[in-house]
Amino acid sequence: MSTEIESVLIENRVFPPFPNLVKGAAISGMDAYQTMCEDARKNPDAFWEKLAREHLVWDKPFTQIVDDGKAPFYRWFGDGELNVSANCLDKHLGTPTANKTAIIFEADDGKVTQITYKELHARVCQFANGIKALGYKAGERAIIYMPMSIEAVVAMQACARLGIIHSVVFGGFSSKSLHERTVDVGATLVITADEQMRGGRSIPLKSAVDESLEMGGCEGVRHVIVYRRTGGQVQWRDGRDLWMHDVCGNQADTCEPEQLNAEHPLFILYTSGSTGKPKGVQHACAGFLLWALLTVKWTFDAKDSDVFWCTADVGWVTGHTYVTYGPLAAGLTQVVFEGVPTYPDVGRFWDMIQRHKVSIFYTAPTAIRSLTKAAEATPERHPREYDLTSLRIIGSVGEPINPEAWMWYYTNVGGERCPVLDTWWQTETGAHMITPLPGVTPLKPGSCTLPLPGIEAAIVDEAGDEVERGKGGFLVMKRPWPGMIRTIWGDPDRFKKSYFPPELKGYYLAGDGAQRDSDGYFWIMGRIDDVLNVSGHRLGTMEVESALVAHDLVAEAAVVGRPDATTGEAIVAFVVLNRNLPDDSEAETIAKTLRDWVGKEIGPIAKPKDIRFGENLPKTRSGKIMRRLLRVVAKGEPVTQDTSTLENPAILDQLSKAR
Ligand code: WTA
């Protein structure tokens, strides 16, 4: 494990909670919060048991709380049975929520479609019946590769209803990445769309599925179900390919939900780790849903009258927890958006908040930073030009939010009336872990503040001992929680090694470096492993390196992150070619070729911003690439570290000057 943790500026500004939000909040006041934390610490079983009984609808009530017999493979509520889709939809039938709008869908072109809970339930049932009629059964895996749409939510919910384990692949991933995931998860069903629309352009999806299935190894896939989004041209394989509307056809609009064990896998979502191969993070039905629902209620303090908008794509965990599952389980009205924040203009988000009277808005620092720049360049699209008074809570997720971006968001979007909730969590944690609460927590720009009740976060050293306040270390969770990752699909050893290293006393290792200030507030300092965070998207340096070396021109590649004012981190690749060093104009052409190649291998989000060519890479005498030094070079800073262990110190100079 590396201990190289960059220090952050600790902010002094403090913003106390707004009295109007403290009153009537789900968790109201610091005393109430501390009492909950204390209760959870004293008797975790009783704490979680009460919540699981109160907030979930069980078909068969559980008698066991947490089973740590095979730790770290924890089981939660392991003898209970329920259905997640029934908890998100059926639960509301026969209540006033049934006729409430569940989703306000806004397409890329601005067309708005609304659907009530009752209608959504019917759509999910029809699709589930259609999938069942094709012979699919609980436990099979379905790949979902779809644009943001009501249909994507329907597809995920229909799988949950049948106990089919979904694995959503972000629509921006290439056919190669899609293939890798389809094979790893052993999918038998793929659900996709003909094309997706983003910023006025159509991007094919079905053809990427066709390509991925031709790469071999996915012979288990029996059907490809296609949602017709644009009507664009698609190739068709009879017998395998089916339109979603035909699958739904005349199916009944009720469908008995499968009664599933609490630990039945709900989904597998791939994310990056420190090796080249993405990890299939597996979540369980009951624990995940409980944590998703509780955090919607606690963190966002969601009320029946709220209009909730999480801008994340369902291809990421944020879209699972805070689009498909949490808000529906809470019976909220939510906005689902197909497009991009800059189309048709940079005021799109603000315009949508105004039109749909959004009251809880949740987005990523990257979006905030790029919209800050855009608003300054285009004053008529500045958020102050819109009526954003419907907002009461604004949130941030996915990467550290720097104090300047925080202040801009707080002032210009929140109108100094809304708390900025900087929520720290991960694909593996299922839902929020360390976050301010609107009715409790004084805010400090740049800090994700304090752990939620029931979560025992700490900062430890290499031996698992807690470090002093103000000192950096590894962020860990000392106790299990219901929403936690259950395993890595098909690789239990990697699960244990990545998250529960033996030297850390059985604590969950998050993979982030952090420190606590004198108030106990957490400040996240970034990853301690080779994981990059580009625009809030997790990418492994090794994934990008393997993609680069797969190109004929490339002999060797090393990839590092560099701080970037907009995307948080930017990818810098140092490349040794299979030929002599290119001159400037050749270098430009080759860099473009390689960038496009990485875009095809992984997806456009993985394209290196900067590619530099050298005759070699800085290596130790034992042949290890010194990424630490490359990070310094990537930032354009002089190398002041000791380079005496380097085999070829002169290479640093060459790479610093290289373009
Ligand atoms: C980073 C996204 C600082 C962190 C929900 C974590 C954050 C990784 C924050 C998980 C935050 C997420 N402040 N860093 N508020 N939220 N991160 O799995 O490095 O895509 O380990 O989950 O993003 O990314 P993932």
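Numbering of ligands and ligand atoms starts at 1, following listing order.
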Exercise. Under 30°, 30 to 60°, or over 60°: which ring-plane class applies to Phe15 and Trp406, parallel, tilted or perpendicular?
Worked result: tilted

Of Trp316, Tyr322, Trp481, the one forming a ring pair (Phe, Tyr, Trp, His ring centres under 6.0 Å) with Trp425 is Tyr322

Judged by heavy atoms only, the candidate from Asp422, Val317, Thr429, Thr271 nearest atom 15 (N) of ligand 1 is Asp422

Taking only non-hydrogen atoms of Pro400 and a 4.0 Å limit, the atoms of ligand 1 in range are 3 (C), 13 (N), 14 (N)

The closest protein heavy-atom partner of atom 4 (C) of ligand 1 is Asp512 OD2, 2.9 Å

Here the atoms of ligand 1 under 4.0 Å from any heavy atom belonging to Asn533 are 1 (C), 23 (O)

Filtering Trp316, Trp425, Tyr322 for the heavy atom nearest atom 2 (C) of ligand 1 leaves Trp425

of all protein heavy atoms, closest to atom 20 (O) of ligand 1 is Arg538 CD, 3.6 Å

Exactly one of Ile488, Val185, Val168, Val169 clears side chain to side chain contact (heavy atoms under 4.5 Å, CB included) with Tyr270, and that residue is Val185

**Message:** Any heavy atom of Gly398 closer to ligand 1 than 4.0 angstrom?
**Reply:** yes

- Item | Parallel, tilted or perpendicular: ring planes of His320 versus Phe267, cut at 30 and 60 degrees | tilted

- Give me the ring orientation class for His432 and Phe300: parallel if the planes are under 30° apart, tilted from 30 to 60°, perpendicular past 60°. perpendicular

Nearest non-hydrogen protein atom to atom 11 (C) of ligand 1, with distance, is Glu399 O, 3.5 Å

Next item on the list: Report yes if the side chains of Arg348 and Phe337 come closer than 4.5 Å at any heavy-atom pair, otherwise no.
Entry: yes

- Query: Going by the angle between their ring planes, with limits at 30° and 60°, are Trp298 and Trp291 parallel, tilted or perpendicular?
  - Reply: perpendicular

Note: Arg527, heavy atoms under 4.0 Å from ligand 1, region reported as side chain

Atom 18 (O) of ligand 1: closest protein heavy atom, distance to 0.1 Å, is Thr427 OG1, 2.5 Å

**Asked** Got Met352 and Glu106 here, is their nearest side-chain heavy-atom distance under 4.5 Å?
**Response** yes

The atoms of ligand 1 lying under 4.0 Å from a heavy atom of Val397, numbered in the order shown, are 5 (C)

